Each structure stands twice: as C-alpha cells, then as structure tokens.
Amino acid sequence: MPSFSARGSPHKQQQYQRRRQEIRQQRKSLPIASVEKRLVDEARKNDTLIIVGETGSGKTTQLPQFLYDGGFCQDGKVIGITQPRRVAAQTVAKRVAEECNDQLGRKVGYSIRFDDSTSNATRIKYMTDGLLLREALLDPLLSKYSVIVVDEAHERTVHTDVLLGLLKKVQHSRANASKNGKTLPDVLGHSQNLTQKSCQGSRCAPLKLIIMSASLDAKCFSDYFGGAKAVHVQGRQYPVDILYTYQPEPDYLDATLVTIFQIHLEEGPGDILAFLTGQEEIESLERLIYERARLLPPESSKIWVTPIYSSLPSEQQMNAFKSAPAGTRKVVLATNIAETSVTITGIKYVIDPGMVKARAYNPVTGMESLIIIPVSKAQALQRSGRAGREGPGKCFRLFQESEFDKLVDSTVPEIKRCNLSNVVLQLKALGIDDIIDPVGHQMARLPLDPMYSKALIVSSELKCLEEMLIVVSMLSVESIFFSPREKLEEARAARKGFESSEGDHITLVNVYRAAAECLEKSKNANAKEKTMEKALNRWCRENFINHRSLKHAFDVHSQIQGHVQQMGLNLSSCGDDMVLFRRCLTAAFFLNAAMRQPDGSYRALATGQSVQTHPSSVLFRTKPDCVIFNELVRTTQNYIKNLTRIDPLWLAELAPQYYATED
DNA sequence: GAGCACTGC
C-alpha cells in the first residue's frame with residue numbers, strides 16, 4: 001500500500017495531489033515513455049538486450065518500472081540495476097521510490113557498501129556494480145534476480161567489465177538448469193553450501209540481462225553476447241555549438257584563461273565550466289582569474305570562481321552548485337568529476353582543453369603513476385554535452401578540429417590499465433578459469449587488496465590481528481593526515497603526538513586508538529550520536545586529521561571485523577609487544593622489503609629497483625637499515641610510502657621460501 | 001623534503 005497517504009489538512013492534500021500530478025507529467029514527457037511497450041516486448045523475447053539511450057532519455061529511472069509493471073517480478077524475483085557510482089544508486093532509488101508513491105526501502109531500494117536500504121519487500125534494487133560482484137561470491141547464480149540491468153556500461157569500469165563476463169556465465173548456467181529440468185545444485189558442480197541453500201529445489205528461470213549504454217557504439221557489447229539485439233532510445237539534449245581553435249595552443253592553462261575572459265566579455269549570460277586536470281591547475285588558474293578580473297572596467301559584470309574536485313571538503317564543493325548573485329558570472333573549474341559524477345545546473349559554456357590526468361600502471365615494475373594525456377572522442381563529447389542540459393550552449397575546444405579526429409574513439413577500458421590482483425582473485429574464487437586453495441577463498445571474501453587480506457590471516461596466526469585490522473583499515477582509505485600549506489608547522493607538531501620511531505604502521509595504530517578513545521569518552525558521557533560526531537570532528541581539527549578519511553577507516557574496520565569473526569579468526573592483540581607486531585608486518589609484507597644503500601637510497605629486494613623513502617614517512621630522516629613498505633609510487637622519483645623498521649634477519653626467518661639464507 | 005584524475009568492495 002502507498003505509504004504517502006493523502007490524509008491530513010486539505011492544504012496538504014492539495015499539495016500532495018499537485019506533486020503526484022507533476023510526477024506523472026514528468027514521467028510522461030520523457031523520451032523513453034513512448035517506447036515502453038516495445039522495450040518490455042523486446043525484454044520478453046530476448047535474453048540479452050542492449051539499450052542505447054542518450055543523455056536525458058530517462059532510461060535509468062523508467063526501464064525498471066516498465067519491467068516491474070510488465071510482470072518481471074513474479075514469484076518474488078528482483079530486478080537489479082547496477083551503477084558505477086554510489087551516489088547514483090542512492091539518488092535514483094530515492095527518485096524512483098517517489099515515482100512509485102512508496103517509501104524508500106520497500107518496493108524500491110538501494111544497496112551500497114556501508115549503506116543498505118533494501119528489505120524483503122524490495123523488487124527494484126539499485127546497487128553499485130562492485131556490490132553485485134560481491135553478492136555473486138555468496139550466490140554464484142544470482143538466483144533471486146529475474147533481470148539484471150547494467151547501466152552506464154559505456155564507462156567500462158573494471159567492475160562493469162568483470163560483471164558482464166560473469167553474467168554471461170550465469171546466464172548459461174541458469175539456461176542449462178531450466179532446460180534439463182535440473183535443480184541448481186546439480187548444475188553448479190563447484191557450488192558451496194550457501195548456494196545450495198539459497199537455490200534448493202527451485203528451478204531457476206533464465207536470467208534476463210539488459211545492458212544500457214550512452215555511447216552510440218553498442219557493437220562491442222552486442223558481439224560479446226552473440227549478436228544481442230540493440231534498441232535505440234532518443235535523448236533530450238539541446239544543441240551545443242562546438243568551436244575549435246585555428247592554431248594549436250601550446251599552453252592550455254593560459255588558453256583557458258584567455259577563453260574565460262573572451263566569453264565573459266563577448267557572450268551573453270550563462271555560467272562557464274572549464275575542465276582541468278587536477279587540484280594544482282585549478283588553484284593556480286583561480287588565482288590568475290581573480291588577478292585579471294581586477295583589471296576589468298568597473299562597469300563590466302563580476303566573476304565568481306568555484307573550484308570542484310574530489311578531495312575538496314564537501315562544504316567547499318557545494319559552492320559550485322550555488323547560483324551566482326545577479327550581475328555575476330560563475331566560473332566552475334572542475335576535474336573530470338564534473339564529467340559524470342556530478343551535474344552542475346546553469347552551465348551554458350564549456351571550455352575543454354582536451355587533457356585528462358589518468359592512472360598508469362606498469363605491471364613489470366608494479367609501479368603506478370599519474371600522467372596527463374589527451375581525452376578520447378567520447379570524453380570530449382561527454383564534456384561538451386554539459387553545456388546543453390537546460391538550453392542551447394557552446395563548447396570551446398582548445399585544440400584544432402584536425403586534432404579531434406586524431407583522438408582515440410574511447411578511453412582505454414580501466415581493466416587494461418590497472419593492477420588486477422584483486423580482480424583475478426575474485427574471479428578465481430568464483431570458479432572462473434582456475435581453482436584456488438581455501439585460504440584464497442577466505443581472502444576473496446574480504447573487500448580488501450589481496451595483500452591486506454593475506455596480512456590479516458598471517459596476523460591471526462601470530463596473535464596480533466587487532467593491530468593489523470587497524471593498520472589495513474587505515475591503509476585502505478585516503479590520506480589520514482591533513483596538512484594545509486598555511487599551517488604546516490602546526491600540523492607537524494600535532495602529528496608528533498602520534499609518531500612511533502618504529503614507523504608509519506604503528507603511528508597509524510596510535511592515531512586510530514586515540515580517535516577511538518575520544519569517541520569512547522563522549523559515549524561514556526552519554527552523549528547523543530550528533531554530539532559524539534561533533535566531538536570527533538573537533539578532535540580531528542585539533543590534530544590535523546582528515547575527518548572524512550578517519551570515518552571511512554572506522555567503517556572499513558567494523559565491516560572487516562565482522563568478516564574476520566565470521567571466518568573464525570581470533571581477534572587477539574600483541575599488547576605492548578611491538579617487536580612481535582613488526583615481525584608480523586614482516587611476515588605479511590615480506591615482498592615489499594627494502595635495504596638502505598651507502599648513498600642513503602634504498603633497494604627494493606624483490607625487484608632490485610632503486611627507491612627513496614617518501615618525505616611523508618616518519619622514518620624519512622631516520623633511514624633505518626631495512627624497512628618494509630606498502631606503496632611504491634613514481635613521481636619525480638621512485639618513492640616508498642608507509643614504512644616500518646625491521647631486522648633484516650627476520651626476512652630469512654619468516655619468509656624462508658623467498659629469502660634463502662645468505663650465510 | 002612531496003604532492004594527491006575519478007570510482008568501487
């Protein structure tokens with residue numbers, strides 16, 4: 001039954017009716033509304049269907065409702081819709097619940113890490129693609145789903161790509177099951193107890209798979225699924241004028257600056273969105289804009305610059321969504337966060353220098369780095385589209401038209417350019433390609449980098465799981481320490497209070513425990529949750545700790561703690577015996593050991609690479625003879641980060657299979 | 001004495 005009943009005052013009733021009417025009209029006006037019947041028919045006829053829907057077609061909110069009304073949730077089955085991003089799963093689910101006139105978490109819900117709003121009644125479930133992959137570990141046939149809709153498939157995230165491969169396999173298994181009239185456990189020879197329990201006696205219907213993509217190139221998806229049918233749905237987008245430069249621009253930052261003022265002085269009203277590659281560029285361009293704006297004649301309108309990038313505190317991010325006061329033009333300086341993750345309204349002009357910062361991974365050296373490269377055609381298209389959301393717009397590409405033709409069609413899928421150890425482990429646990437031992441299965445259950453999962457198992461044997469759990473939680477999140485340029489000395493002094501001369505791992509444990517103590521104190525004072533939150537926030541400010549990262553670490557900690565307890569690992573602590581803990585770190589991370597060289601540099605033992613300790617490490621000055629490290633990054637030099645001092649003899653003792661004794 | 005595109009479990 002609808003939970004938003006029309007009871008209450010006549011005024012409220014009126015308001016409610018108006019809102020329902022508004023929603024009905026909005027839904028009816030979406031381009032996808034006119035093809036509802038056709039889409040449902042195609043979904044009935046085809047096991048795999050590809051829907052190419054342009055921006056603004058309404059496919060993400062409407063298609064699951066069409067399928068629900070078309071009877072795809074009979075027998076209590078669920079329609080699952082995957083999204084690459086958490087915030088999309090949340091906001092779309094909220095919207096669709098409202099359209100269904102129901103409370104979120106009943107018929108319509110979402111499920112993302114640390115936040116699950118679904119219930120037994122949920123039939124339309126929005127989730128992140130990574131979360132569905134996790135679900136497949138527990139139920140390899142995804143037996144509770146009648147349909148899986150993979151949205152935004154064109155983005156080709158690792159999770160989406162792996163999911164598509166997996167879903168193809170699930171479709172086969174389920175098709176065979178129903179064909180032979182067998183129950184599921186018969187088909188899945190390798191299935192585990194959990195699977196058998198969830199599918200016992202049921203005959204699974206075939207799994208319907210719908211792939212939704214915004215790019216016009218549906219062929220690769222179609223080919224992969226044996227020539228699956230593709231349906232095109234029109235979008236709703238205003239025309240965007242694309243302008244190119246006549247000459248190549250050697251300095252795109254300067255060209256952006258010039259273009260901003262050209263628009264400001266010569267074009268009509270409307271906000272500007274400029275795409276830059278990172279924080280540093282954004283900060284320096286902001287300064288340059290204000291410097292030059294001072295030279296404008298007093299009668300010309302003002303400029304308001306709002307930066308937005310992911311590590312910017314959220315209160316400051318919100319500025320980019322506010323509208324500028326009358327007589328002022330807003331200039332948003334953004335990274336590619338504004339390409340897909342967030343939509344800023346009021347943008348009429350887009351400036352695209354055509355560059356992007358991307359992660360590069362060298363599998364031979366295991367080294368990751370960030371490089372600035374040209375965007376792809378699809379990316380440039382996505383950027384220009386940001387100017388036509390509310391009316392006709394203009395996009396200024398700061399390169400020549402002939403250069404556009406030379407761009408690659410689409411960005412190289414992530415799966416081809418990152419460290420795959422995590423993915424490979426999960427695939428193996430899912431029974432794809434090869435078997436792994438029971439330890440591997442345990443490791444795959446943990447939502448962590450495999451090396452960290454291994455560390456937890458090792459530390460449970462060495463009786464210091466409590467400390468290791470804290471370390472992997474802290475290492476799994478963005479930087480814990482926060483040091484603004486203007487308060488560098490204060491930040492350094494604050495960190496001194498947590499520092500351990502043994503290294504960064506124990507320093508992180510100290511921070512975590514101090515924060516937990518702060519929370520415990522306010523809990524003992526019977527503070528409400530909000531007050532506790534405030535106390536922790538203040539503590540973080542005083543100690544120059546990144547509050548967002550710390551909270552994330554707490555979330556990870558409690559999730560992993562639940563997992564390791566389920567696995568039956570013993571949550572013991574080594575107390576004050578930090579030698580034991582360092583030995584444990586050595587046993588876990590022996591592959592990442594480095595020896596000091598006479599010149600003060602280090603040699604990574606596994607690869608022989610020459611590396612330097614990173615200045616952020618507490619051991620930066622000490623330079624012990626031998627360390628283990630967690631991260632190897634290449635910037636101006638090869639740096640190792642997150643270090644702990646160890647005794648080199650421990651290596652041969654704790655990892656004899658790897659470090660044959662030299663003497 | 002450095003430097004952090006964007007996601008996700």
Side-chain angles (χ1 to χ4, degrees), chain A residues 82-89 111-116 127-138 152 155-163 275-283 308-312 334-342 355-360 368-373 375 379 382 411 413-415 417-418 422-423 425-426 429 443-450 452-453 472-473 476-485 488 492 546 549 552 555-556 559-560 562-563 600 612-621 623 631 633-641:
Chain A
T82 70
Q83 297 289 326
R85 278 170 295 280
R86 293 162 56 92
V87 60
S111 189
I112 58 182
R113 191 186 187 186
F114 308 131
D115 188 3
D116 180 10
M127 63 193 129
T128 44
D129 42 18
L131 197 107
L132 185 62
L133 274 177
R134 288 274 151 198
E135 272 189 24
L137 281 175
L138 300 175
E152 314 285 7
E155 287 191 25
R156 301 292 307 272
T157 66
V158 173
H159 285 158
T160 299
D161 277 4
V162 174
L163 194 58
F275 285 99
L276 299 169
T277 67
Q279 177 179 348
E280 209 180 308
E281 278 183 17
I282 288 174
E283 282 174 350
I308 183 166
Y309 47 88
S310 85
S311 59
L312 191 72
T335 58
N336 34 358
I337 192 173
E339 253 172 44
T340 48
S341 304
V342 300
M355 304 304 266
V356 66
K357 203 180 272 188
R359 187 189 290 282
E368 285 190 337
S369 54
L370 288 167
I371 49 171
I372 294 175
I373 54 169
V375 295
Q379 220 172 349
Q382 177 72 26
T411 314
E414 197 186 358
I415 201 163
R417 54 182 168 87
C418 72
N422 233 327
V423 175
L425 181 67
Q426 266 198 46
M443 285 170 57
R445 289 283 166 85
L446 298 171
L448 288 172
D449 185 296
Y452 294 165
S453 305
V472 300
S473 305
S476 298
V477 302
E478 295 283 295
S479 172
I480 287 285
F481 294 104
F482 173 67
S483 42
R485 209 166 289 163
L488 221 54
R492 200 168 294 163
N546 186 329
S549 301
H552 191 189
D555 281 339
V556 174
Q559 189 192 31
I560 306 297
H563 273 111
Q612 306 282 342
T613 53
H614 194 271
S616 65
S617 172
V618 300
L619 295 183
F620 176 65
R621 281 172 211 283
K623 301 226 185 302
E631 229 184 309
V633 289
R634 180 181 179 80
T635 50
T636 50
Q637 301 185 72
N638 297 338
Y639 284 110
I640 47 176
K641 295 169 82 170

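Just so we're on the same page: letters track the sequence lines, and every chain starts at 1. No experiment lies behind these values; they were computed from the predicted model shown.
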Review point. Looking only at side chains, do A/His614 and A/Ser616 share a donor and an acceptor under 3.5 Å apart?
Key: yes
Exercise for review: Establish, from distance only, whether the side-chain atoms of A/Thr613 and A/Lys623 form a donor-acceptor pair under 3.5 Å.
Suggested key: yes
**Study point:** Glycosidic class, syn or anti, of B/dC6 using a 90° window around 0
**Key:** anti
Find the distance [X]:[atom1] to [N]:[atom2] and express it as a whole number of Å.
X: A/Glu631; N: B/dC4; atom1: CD; atom2: P; value: 11 Å
X: A/Ile372; N: B/dG3; atom1: CD1; atom2: C1'; value: 13 Å
X: A/Phe482; N: B/dA2; atom1: CZ; atom2: C1'; value: 16 Å
X: A/Arg445; N: B/dC9; atom1: CZ; atom2: P; value: 18 Å
X: A/Asp129; N: B/dC9; atom1: CG; atom2: P; value: 8 Å
X: A/Asn336; N: B/dA5; atom1: CG; atom2: C1'; value: 5 Å
X: A/Arg634; N: B/dC4; atom1: CZ; atom2: C1'; value: 17 Å
X: A/Phe481; N: B/dC4; atom1: CZ; atom2: C1'; value: 16 Å

Is [X] touching bases, backbone alone, or none of the nucleic acid, heavy atoms closer than 4.0 Å?
X: A/Ser479; result: nothing
X: A/Leu370; result: base
X: A/Arg621; result: base
X: A/Thr157; result: nothing

Exercise for review: Side chain of A/Pro615 only, please: which of B/dC4, B/dC9, B/dG1 is the nearest?
Suggested key: B/dG1
Could you tell me whether the phosphate oxygens of [N], OP1 or OP2, come under 4.0 Å of any side-chain nitrogen or oxygen in [X]?
X: A/Arg134; N: B/dG8; answer: no
X: A/Ser616; N: B/dG3; answer: no
X: A/Thr128; N: B/dG8; answer: no

Study note, to complete from the structure: Residues at least two apart in sequence or cross-chain that pass side-chain hydrogen bond (donor to acceptor under 3.5 Å, both in side chains) with A/Asn336, listed by chain then number, are none
Review point. For A/Glu339, which residues count as a salt bridge (Lys or Arg N to Asp or Glu O under 4.0 Å) partner, sequence neighbours excluded?
Key: A/Arg383
Check your understanding: Per the atom types in the model, does the base of B/dG8 pair as donor or acceptor with the side chain of A/Arg85 at under 3.5 Å?
Key -> no
Review point. Do A/Arg492 side-chain and B/dG1 base share a donor-acceptor contact under 3.5 Å?
Key: yes
Point to revise | A/Lys357/A/Glu280 salt bridge by N-O under 4.0 Å criterion | key: no
Study note, to complete from the structure: Judged by nearest nucleotide, the residue sitting upstream toward the 5' end of DNA chain B, A/Tyr309 or A/Pro447, is A/Tyr309
